[in-house]
A.B. asks: 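Let me begin by handing over the structure; questions about it come next.
Residues: numbered from 1 along the sequence shown. We count ligands from 1, going down the list as the structure has it; atoms in each ligand are counted the same way. Computation of the quantities below employed the complete heavy-atom set of this structure, encompassing side-chain atoms and omitting hydrogens, waters and symmetry-equivalent molecules.
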Amino acid sequence: MRTPETVSVTLVRGDITEQTVDVIVNAANSSLLGGGGVDGAIHRRGGVDILRECRELRASHYGKGLPTGRAVATTAGRLDARWVVHTVGPVWSGAEDRSALLASCYRESLRVAAELGARTVAFPAISTGIYGWPMDDGARIAVRTVLAEAVPPVEEVRFVLFDAHAYEEFREALAGRG
Ligand code: AR6
């Protein structure tokens, strides 16, 4: 049986909507109805099926929206993936430590992915864009949490980093094992 240490963690520089994986994780907001950044790109490229399922989730289980730190799955529409797992990162605060909520996004997304039977999972750097989380700290939390929490059937966790700065911070975090 695999242990968390044998899950492979890989880094790719690029656009998460171009990945071929079982699960693409979306850095959503609690409305689940779309936004900018990764969220906008996923809905643009994935098509209307994803939004339709998000609306159904709002009408059923998540009338008040998806709470920060939680994760929920939909179809992946036209993306080259089987599911999109939507998670809501915390907005960065200098006054309050919200690290546990950011770690929860990675943990809950992996839990949902494993329940679905996913073997490959692509993550963006959650909260490090519009939500303002410093990239170095966001990368450490991401790497540390994934190394601790990824369990079978998940075999590969791929961080898809949009620019050179993000890629470098994740490379350093992985070298230091988070
Ligand atoms: N592929 C990979 N990474 C990307 C892509 C992409 N196509 N586009 C942006 N990034 P963000 P957040 C990087 O803002 O901070 C939305 O409006 C980006 O450079 O997408 O969690 C939601 O609806 C950054 O490093 O997510 C929420 O309202 C990282 O992905 C809010 O933004 C995350 O940036 C969530 O903000």
Side-chain angles (χ1 to χ4, degrees), residues 9-48 50-55 57-58 62 64-74 76-81 83-94 96-110 112 120-143 145-146 156-174 178:
V9 176
T10 54
L11 308 182
V12 171
R13 186 171 161 192
D15 181 339
I16 200 165
T17 66
E18 291 173 2
Q19 302 299 306
T20 302
V21 280
D22 292 327
V23 162
I24 291 176
V25 176
N26 182 18
N29 61 61
S30 63
S31 82
L32 292 176
L33 300 179
V38 173
D39 198 9
I42 283 175
H43 283 288
R44 245 186 338 269
R45 197 170 174 125
V48 292
I50 302 175
L51 190 59
R52 184 179 41 74
E53 276 193 42
C54 285
R55 287 207 178 98
L57 284 167
R58 285 300 307 277
Y62 298 103
K64 291 181 180 160
L66 183 67
T68 304
R70 299 269 298 277
V72 68
T74 65
R78 292 198 304 265
L79 297 171
D80 195 5
W83 303 280
V84 171
V85 170
H86 308 261
T87 189
V88 184
V91 176
W92 164 257
S93 163
E96 187 189 354
D97 183 5
R98 300 177 178 167
S99 304
L101 284 170
L102 184 55
S104 175
C105 289
Y106 289 99
R107 187 171 57 245
E108 287 296 298
S109 298
L110 285 170
V112 171
T120 50
V121 180
F123 277 102
I126 299 165
S127 287
T128 65
I130 292 165
Y131 282 178
W133 207 284
M135 188 62 77
D136 55 351
D137 195 55
R140 279 194 297 270
I141 292 168
V143 166
T145 307
V146 161
E156 184 197 349
V157 173
R158 190 181 305 169
F159 289 110
V160 183
L161 294 327
F162 212 40
D163 58 29
H165 171 60
Y167 186 91
E168 185 55 26
E169 294 294 353
F170 271 74
R171 198 190 59 70
E172 275 184 28
L174 194 55

A.B. asks: Please tell me whether Glu108 and Thr87 have a donor and an acceptor in their side chains that are separated by less than 3.5 angstrom.
C.D. replies: no
A.B. asks: Kindly indicate, with the supporting measurements, whether the criterion side chain to side chain contact (heavy atoms under 4.5 Å, CB included) is fulfilled by Val72 and Val112.
C.D. replies: CA-CA 7 Å; Val72 68; Val112 171; over 6 Å; no
A.B. asks: Quick check for you: to the nearest 0.5 Å, what is the distance between His86 atom NE2 and Leu57 atom CG?
C.D. replies: 7.5 Å
A.B. asks: Find all atoms of ligand 1 within a distance of less than 4.0 Å from any non-hydrogen atom belonging to Gly14, and give their numbers and elements.
C.D. replies: 1 (N), 2 (C)
A.B. asks: With heavy atoms of Met135 as the reference, note each atom of ligand 1 found under 4.0 Å away.
C.D. replies: 25 (O)
A.B. asks: Got the closest protein heavy atom to atom 20 (O) of ligand 1, with its distance?
C.D. replies: Val38 N, 2.7 Å
A.B. asks: Counting heavy atoms only, which part of Ala28 comes closer than 4.0 Å to ligand 1: side chain, backbone, both or neither?
C.D. replies: backbone
A.B. asks: Could you grab the distance from atom OG of Ser127 to atom CZ of Arg98, nearest 0.5 Å is fine?
C.D. replies: 10.0 Å
A.B. asks: Need the ligand 1 atom indices (1-based, order shown) with element for anything under 4.0 Å from a heavy-atom of Gly35.
C.D. replies: 17 (O), 23 (O)
A.B. asks: Ring-plane angle category for Phe123 and Tyr106, please: parallel below 30°, perpendicular beyond 60°, tilted otherwise.
C.D. replies: tilted
A.B. asks: With only distance considered, is Ile126 within less than 3.5 Å of ligand 1 through an N or O on each side?
C.D. replies: no
A.B. asks: Just need the protein heavy atom nearest to atom 32 (O) of ligand 1, so name the residue and atom and give the distance.
C.D. replies: Ile130 CD1, 3.3 Å
A.B. asks: I'd like to know if the side chain of Asn29 and the backbone of Gly34 have a donor-acceptor N/O pair within less than 3.5 Å.
C.D. replies: yes
A.B. asks: Looking only at distances, please establish whether an N/O atom of ligand 1 is found under 3.5 Å from an N/O atom of Gly129.
C.D. replies: yes
A.B. asks: Quick one: look up the protein heavy atom nearest atom 16 (C) of ligand 1 and list residue, atom name and how far away it is.
C.D. replies: Gly36 O, 3.4 Å
A.B. asks: I need the minimum non-hydrogen distance between Thr20 and Arg158, along with the two atoms involved.
C.D. replies: O-NH1, 3.7 Å
A.B. asks: Distance to 0.1 Å, residue and atom name: give those for the protein heavy atom nearest to atom 21 (O) of ligand 1.
C.D. replies: Ser127 N, 2.8 Å
A.B. asks: To the nearest 0.5 Å, how far apart are CE in Met135 and CD in Glu172?
C.D. replies: 12.5 Å
A.B. asks: Backbone or side chain, does any N or O of Asn29 fall under 3.5 Å from an N or O of ligand 1?
C.D. replies: yes
A.B. asks: Any idea which protein heavy atom is nearest atom 29 (C) of ligand 1, and the distance to it?
C.D. replies: Ala125 O, 3.3 Å
A.B. asks: Just one of Val160, Val38, Leu79, Ile24 clears the side chain to side chain contact (heavy atoms under 4.5 Å, CB included) bar with Thr17, so which one?
C.D. replies: Leu79
A.B. asks: Distance under 4.0 Å to a non-hydrogen atom of Asp39: what atoms of ligand 1 satisfy this?
C.D. replies: 22 (C), 23 (O)
A.B. asks: Would you confirm whether Ser104, through its side chain, and Ala100, through its main-chain N or O, come within 3.5 Å as a donor-acceptor pair?
C.D. replies: no
A.B. asks: Heavy-atom distance under 4.5 Å between the side chains of Leu102 and Ile126, does that happen here?
C.D. replies: yes
A.B. asks: When you measure from atom 26 (O) of ligand 1 to every protein heavy atom, which one gives the shortest distance, and what is it?
C.D. replies: Ala27 CB, 3.7 Å
A.B. asks: Can you list the ligand 1 atoms lying under 4.0 Å from a non-hydrogen atom of Gly37?
C.D. replies: 8 (N), 20 (O)
A.B. asks: So, does Asp15 sit close enough to ligand 1 that a heavy atom of it is under 4.0 Å from the ligand?
C.D. replies: yes
A.B. asks: Provide, to 0.1 Å, the distance between atom 1 (N) of ligand 1 and the closest protein heavy atom, together with that atom's residue and name.
C.D. replies: Ile16 N, 2.9 Å
A.B. asks: Around atom 25 (O) of ligand 1, find the nearest protein heavy atom and jot down its residue, atom name and distance.
C.D. replies: Thr128 OG1, 2.7 Å
